[in-house]
Amino acid sequence: MPGASRRDRLAVALRERFGADEREVDGSVCAEMQAEARRVSRHLDVEWVPEGGLVPDWESRGWPAPDPAAVAAERAGIAAERMGEIGVLRVSALFPLELAAPFLDETTEALRGARAVVLDLRANGGGDLDTAMAVLGWLLGPEPVHISDVVTLEGTRRWDSLPRDEPRRPAAALIGAATYSSGEAMAYHFQAQRLGPLIGERTPGAADHVTPIVLGSHVRANLPRGYVIDAVTGSNWEQHGVRPDVACAEAEALERALDLLRAG
């Protein structure tokens, strides 16, 4: 559910483009609908399933739970590396916190005492916000910080950082074209909280919260159900993306970050 004005624009755009369309729905029609919808909501997906057999939902069933063994096998997409006095925390996924917490604990402990840290979000395609708040809490220090609010038809949920026993220290974050959805949220809030510079390339701009739903026997979609309000900016990154403070090729971002932190 984007904000009311965007929701209205989305409905009008789809009605004008497809209201009189008499074609049978197929893969090309789904692709056209997605392209049109993404002009208003960048995170709206429409997928054609050729084999069919899907059972339409009256309401979303929510996201399927990940396989704990698979999450453990990839260490929840979380890794750490020490580069002298600087620690690098790579967060390439945001699995539910109950599955990600052991790996986050292990990696942050490995970085304890680092003079500065780099948060690498270049491969982060999104996921669980509790895990995002835990990572931000590690960076923000021992007190909870109001990060954002998510507005849905059911009401507004406040999100605060989940503090950890670490002092706030110099930091930088790496972003790029594959930083998406809740990965973008982490980058945007990192920037809004003035934790340090964002380095790399601008992100795609998918800020709305979405929910999976089956629309027909051959069509499933991720539809918007909420929008984000950052606690500092009062806005979000929908459509325009998260812009780096230091623009450079993604492949160069880590070295640029290390140079800045070593000089700082």
Side-chain angles (χ1 to χ4, degrees), residues 70-145 147 161-180 182-201 203 242 244-264:
V71 174
E74 59 180 289
R75 298 184 54 79
I78 300 172
E81 184 177 359
R82 293 293 289 257
M83 294 186 172
E85 292 185 307
I86 299 175
V88 179
L89 178 65
R90 294 186 174 90
V91 183
S92 300
L94 291 170
F95 287 105
L97 185 56
E98 62 269 21
L99 299 179
F103 304 102
L104 183 59
D105 291 344
E106 182 179 323
T107 51
T108 54
E109 183 60 31
L111 299 179
R112 184 177 289 276
R115 181 183 65 79
V117 294
V118 176
L119 175 63
D120 189 349
L121 300 173
R122 289 174 293 179
N124 194 304
D128 188 87
L129 271 185
D130 282 318
T131 302
M133 295 301 122
V135 175
L136 289 172
W138 176 67
L139 293 164
L140 283 163
E143 297 297 327
V145 175
I147 300 296
S161 64
L162 299 177
R164 303 175 72 86
D165 185 23
E166 286 280 343
R168 185 160 169 164
R169 71 201 104 177
L174 315 182
I175 59 173
T179 310
Y180 191 70
S182 294
E184 293 180 271
M186 293 179 69
Y188 188 90
H189 302 319
F190 181 102
Q191 189 177 55
Q193 294 291 335
R194 299 184 181 277
L195 280 163
L198 293 182
I199 303 171
E201 300 178 20
T203 69
V242 184
D245 300 297
V246 179
C248 67
E250 284 186 50
E252 302 171 6
L254 178 57
E255 283 304 318
R256 293 289 291 273
L258 292 173
D259 289 344
L260 284 172
L261 291 172
R262 285 166 180 156

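Just so it is clear, the values below take in all heavy atoms, side chains as well, and ignore hydrogens, waters and symmetry mates.
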Would you name the heavy atoms of A172 and A257 that are closest together and state the gap between them? CB-CB, 4.1 Å

Any side-chain heavy-atom pair from T108 and E166 closer than 4.5 angstrom? no

Apply the test side chain to side chain contact (heavy atoms under 4.5 Å, CB included) to residues R169 and L139: give CA-CA distance (whole Å), side-chain angles for both, the deciding distance (0.1 Å), then the verdict. CA-CA 7 Å; R169 71 201 104 177; L139 293 164; 5.9 Å; no

Closest non-hydrogen atom pair between G87 and A114, with its separation: N-CB, 3.8 Å

How many angstroms lie between atom OG of S161 and atom CD1 of I147, to the nearest 0.5 angstrom? 5.0 Å

Do V242 and H189 have side-chain heavy atoms sitting under 4.5 Å apart? no

Contact between L119 and F190 at the side-chain level, heavy atoms closer than 4.5 Å - yes or no? yes

Between G196 and D245, the two heavy atoms sitting closest are O-OD2, 4.1 Å

Heavy-atom closest pair, residues R164 and D105: NH2-OD1, 2.6 Å

Mind checking the CG-CD spacing from L136 to Q193? Nearest 0.5 Å is all I need. 8.0 Å

Nearest-0.5 Å distance that lies between atom CG in L174 and atom CG in N124: 12.0 Å

If you measure from CG on L198 to CD on Q191, what distance do you get to the nearest 0.5 Å? 4.5 Å

Go through I78 and R90 one step at a time and tell me if the side chain to side chain contact (heavy atoms under 4.5 Å, CB included) criterion holds. CA-CA 6 Å; I78 300 172; R90 294 186 174 90; over 6 Å; no

For F95, is there any backbone N or O sitting under 3.5 Å from a side-chain donor or acceptor partner on T131? yes

Checking E201 side chain against A247 main chain: does a donor-acceptor pair fall under 3.5 Å? no

Side chain to side chain contact (heavy atoms under 4.5 Å, CB included) evaluation trace for I199 with E252: CA-CA 9 Å; I199 303 171; E252 302 171 6; over 6 Å; no

Does R122 offer a backbone N or O that forms a donor-acceptor pair with the side chain of D120 under 3.5 Å? yes

Does the side chain of R112 come within less than 4.5 Å of E109's, by heavy atoms? yes

Considering non-hydrogen atoms only, spot the tightest contact between P197 and A171 and give its length. CD-O, 3.3 Å

d(M186 CE, L195 CG) to nearest 0.5 Å is 10.5 Å

Do L254 and V88 make a side-chain contact, defined as non-hydrogen atoms from C-beta onward lying under 4.5 Å apart? yes

Are C248 and R256 side-chain neighbours, meaning at least one heavy-atom pair lies under 4.5 Å? yes

Minimum side-chain heavy-atom gap V118-L89 below 4.5 Å: no

Are E106 and R75 close enough for a salt bridge, meaning some N to O gap below 4.0 Å? yes

Between T179 and E184, is the side chain to side chain donor-acceptor pair (under 3.5 Å) condition met? List the steps. CA-CA 6 Å; T179 310; E184 293 180 271; over 6 Å; no

Would S182 and L94 satisfy side chain to side chain contact (heavy atoms under 4.5 Å, CB included), going step by step from the backbone distance to the final call? CA-CA 8 Å; S182 294; L94 291 170; 3.7 Å; yes

Can you name the closest pair of heavy atoms from A187 and I175 and give their distance? CB-CG2, 3.5 Å

Heavy-atom distance under 4.5 Å between the side chains of L104 and V91, does that happen here? no

